Amino acid sequence: MARSARVYRFFGENLILLSLVAIVAFFGFASERFFSVTTLSTLLNQLPALTVVAIGMTLVLISGAIDLSVGSVLALSAGVIGACVVLFGLPVPLAALAGIMTGALAGLANGSLGAYLRLPIFIVTLGMLEVARGLAYLVTDSQTVYMGGQIQGFALPIDGLGMSASFMTALVLVIAFEFLLKSTVFGRQIVAVGSNESAAAVSGIDPRQVRCTVLVISGALAGLGGLMSSSYLGSADPNAGVGLELSAIAAAVIGGTSLMGGRGSVMGAFVGVLIVSVLQIGLAQIGITEPTKRVTTGAVIILAVILDRWRAT
Amino acid sequence: MTPRIAARRIGKSFATPVLRDVDLEIPTGCIHGLVGENGAGKSTLAKIIVGLEHADSGDLLLDGRPYQPRTPAESLAAGVAICAQELSLVGDLSIAENILLHTATSGLARIRRKAAHEQAARVLRTVGLDASPDVRVGRLSLAEKQLVEVARALATDPKLLILDEPTSALTAPQSDRLHAILREEAQRGVAVIYISHRLRDVLAVCDRVSVLRDGEVRLTENSHALHEQTLIREMAGADADFDARPRSIEDTRPVLLRVEDLRSVALRHPISFDCRQGEILGVAGLAGSGRTELLNAVFGIDRRLGGSVTVLGPGEATEIRNARQAIRCGVGYVAEDRARDGIFRDRDLAFNVTIAGLRRVADRAGRVVRGRETPAVSKLIEDLRVTSTGIGQRIRELSGGNQQRLMLARWLHCESRLLLLDEPTRGVDVAAKLAIHEELVRLRDSGVAIVAVSSELEELCSLCDRMLVLSNRKLVAEFHRSTWRQEDILAAAFSEYSSAATPSRA
């Protein structure tokens, strides 16, 4: 192979990773405060929740579905954790489990209505977006529920590692779900259902079952996101995660996941999460106002899709 | 006289050359047949003429003037219409609206419902399709869609009409009717390019025929001077012969599939039959006679209304209710519409082959082991002589014949004991067809039971040991190899449509 072709392929295959490096380098030059402990800790604190939600979103998108409810489900789960700890005085691990189960249940509702009753999943999860947000206000009585130090351990850096349990969990889940997607029977089934549902059915795969399972996973991961965000804040905020579904979809798409289903990667989505988060923090640091920040982030998402299209052909 | 369309030294390469210096001239009023194996370049040439692909070299002349369509819209405006092999109708629109999409001169023109309706009704009458112009295209059968596609092309009143495999889903009377229409159009001065694997049709309807092989025109000749054997020889580069040898039938082999009083939404009349180990059972019938619906019901894709399907093994009998269970019992299904129900087009060969039998290449934890998958798939594509650059190639880059072999490979990988095959050689060239037939016979001899549906009676006659005939969604007859005659089978296939009974639409 000619050298130019090799260079071309290298850039094509590692496009998003190179973009991330370029963005980091840019902010490094543009802001003297960018390479600092503050930036890193902000990043490490913000990342876990978006990462786990983006993992779920990636699986759902690859299966040819969508989950618009993740942001609200995250808030609902956080609310349930808050209620369990403060109102019922449950130990934190039990409360955390209840939060994750709440997310999984919301996912099960999405999955059974969308996959088994054959209702449009877009609409079902749009409905769930409202239902879960409303329930989040109900369980928290529309107040931020303060839990204090007992829940924050999950988000605090572990001695000697410098990373929080939250962050470690997110990293492990990225690797685990990338493995699930790329190297297991279930991963193949997700891809098959997303790329040709009818052919998958003829191959003995039940598309409803696969989609439902994936939506339950997405719900449970949103629940875990609820635990992560409330442990970072030390409280359960019913307003948490507004618009998170859009950031998660953006991260997945930046990472090369197709909205049409059948194609994508969890590792890519993680790089997508990094790009979205670094942009947010970096733009804020160089003094870009909130409206301009949103314009820039939106433009980056569109640019990512254009680049991805170019890469695919 | 200036030819209607002239191609001068057309060249086109994708990864490898697909067309090499193709010269072709078609005068007005001429029906010109184009035959050749899959990958010979027929469809590519057609796509270049309508602007779906662009030639790397050479020129096109339409009525003597340079003609270089960049898009299908431009070719349509120049008076060139195509009925492509992959149907391009919009399922959610009505027949009339689909036709309007092609005939409307401007996107802003007001839709005149009544005129559009009348125009559609007129062309539907011409092609002999008894359907209302208001019917949604998505509700039509494959044969009906094919006729709508032809009707749509005719509605544009073309100077040059290109048909790519127009009869692959049509019944004999429907094809005959189409051919009569083409002759009328030719008399009015329309030039027609007719691409087909059905050599008999090509010889019957075309004035001249060109054979393409490996992107080159090997032969152009008046069709009355040609025979099927000549064409096959030029296409394949070697003498090919359909197997018409008699076979001994052993009725003593154990029954593998037992279907009893099977009914589904599409099949109201109960159907019962058996298929034995090492037997190829054919299912004949006209298009729309319920052949595909029968396989769907047996495999458990269509909901059943009654009856049972049992797979018998040594000392056990399992009733199958859904596709997953059927596969577990060793049943495999190659569906008629490969693009819709078969391939995962953006995935590689390995994915496409192992998807129905992932457990066979996975460990207990559900991890797909590459070290098991790669050799298994490599062996299958070697055994089936699939032409590809390797198991990592995307299936959409392969020709139809190779894709079809991979569909067989999918079930060979599962070691299926019973194969349900719907049009196993649809849209596949002659050489690939013979290779698939050979493979099926080899499978049969190794004890696999095969139920094969085909619209080509000759194919069934050469392949099968026994044949069921469906007519108007009823099982009307069963024939054995030793005693069947084509006329009898055809008569049975038409039996439920005659006199009082009118063809019903699903």
Side-chain angles (χ1 to χ4, degrees), chain A residues 1 5 9 13 59 61-64 115-116 118 120 175-214 217 256-266 308-309 311-313, chain B residues 295-296 299-302 320 322-348 350-371 373 394-396 403 406-407 410-411 413-414 416 420 422:
Chain A
M1 202 189 298
R9 244 188 73 189
E13 281 169 5
L59 299 185
L61 289 176
I62 294 172
S63 81
Y116 285 100
R118 294 181 183 278
I175 293 162
F177 277 99
E178 177 74 1
F179 177 79
L180 175 95
L181 186 64
K182 292 285 148 75
S183 307
T184 68
V185 171
F186 184 59
R188 290 275 179 100
Q189 291 178 338
I190 296 174
V191 173
V193 168
S195 87
N196 187 342
E197 181 174 348
S198 166
V202 174
S203 304
I205 299 165
D206 185 348
R208 293 167 300 179
Q209 197 184 29
V210 170
R211 288 225 176 91
C212 188
T213 310
V214 162
I217 292 174
T257 297
S258 164
L259 284 176
M260 298 295 141
R263 183 169 62 91
S265 92
V266 173
D308 186 57
R309 180 68 52 81
R311 181 176 49 175
T313 51
Chain B
L295 295 191
N296 281 345
F299 196 60
I301 291 180
D302 282 2
I320 56 179
N322 57 46
R324 202 189 327 191
Q325 202 185 5
I327 291 169
R328 211 175 298 140
C329 291
V331 185
Y333 181 22
V334 176
E336 178 183 17
D337 193 335
R338 195 164 52 231
R340 196 188 65 194
D341 303 320
I343 63 167
F344 300 92
R345 59 190 304 276
D346 290 330
R347 314 307 308 187
D348 63 15
F351 184 101
N352 273 283
V353 169
T354 56
I355 189 68
L358 284 169
R359 303 265 168 230
R360 290 170 179 273
V361 289
D363 60 18
R364 269 161 195 237
R367 184 172 71 94
V368 178
V369 184
R370 287 278 176 187
E373 186 181 35
R394 289 184 189 182
I395 196 169
R396 67 165 188 221
Q403 291 182 357
L406 288 169
M407 292 301 100
R410 180 181 289 171
W411 301 115
H413 174 247
C414 292
S416 299
L420 309 173
D422 198 352

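The basis for the numbers below is simple: all heavy atoms, side chains too, and nothing from hydrogens, waters or symmetry mates. Keep in mind it's a predicted model, so treat the numbers as computed, not measured.
- Contact count versus chain B (heavy atoms, under 4.5 Å) is highest, among A:Ala199, A:Ser183, A:Gly204, for A:Ala199.
- Summarising the geometry of A:Arg188 relative to B:Ile355, their closest heavy-atom pair is O-CD1, 4.0 Å, with the distance given to 0.1 Å.
- Between the side chain of A:Asn196 and the backbone N or O of B:Arg340 there is at least one donor-acceptor pair closer than 3.5 Å.
- Minimum interatomic distance between A:Ser195 and B:Phe344 (heavy atoms only, all atoms of both residues): OG-CD2, 3.1 Å.
- Across all non-hydrogen atoms, the minimal contact from A:Val202 to B:Ile301 is CG2-CD1, 3.6 Å.
- Heavy-atom distances place no part of B:Arg328 under 4.5 Å from chain A, backbone and side chain included.
- For a residue to count as touching a neighbouring chain, one of its non-hydrogen atoms must lie under 4.5 Å from one of that chain's; by this rule B:Arg347 touches chain A with the side chain only.
- In this structure, chain B has a heavy atom under 4.5 Å from the backbone of A:Ala201, while its side chain stays farther away.
- Most heavy-atom pairs under 4.5 Å with chain A: of the set B:Ala362, B:Gly332, B:Gly342, B:Gly357, this distinction falls to B:Gly342.
- Contact annotation for B:Ala326: neither backbone nor side-chain heavy atoms come within less than 4.5 Å of a heavy atom of chain A.
- Options B:Ala365, B:Cys414, B:Gly366 differ in how many heavy-atom pairs under 4.5 Å they form with chain A, and the most are formed by B:Gly366.
- Of the two parts of B:Arg345, neither the backbone nor the side chain holds a non-hydrogen atom closer than 4.5 Å to a non-hydrogen atom of chain A.
- A heavy-atom distance below 4.5 Å is not found between the side chains of B:Asp346 and A:Arg263.
- For the side chain to side chain contact (heavy atoms under 4.5 Å, CB included) criterion with B:Leu358, the lone passing option out of A:Val185, A:Thr184, A:Ile205 is A:Val185.
- For B:Arg359, the CZ atom is loosely surrounded, since the number of other residues' heavy atoms within 6.0 Å does not exceed 12.
- Heavy atoms of B:Tyr333 lying under 4.5 Å from chain A belong to its backbone as well as its side chain.
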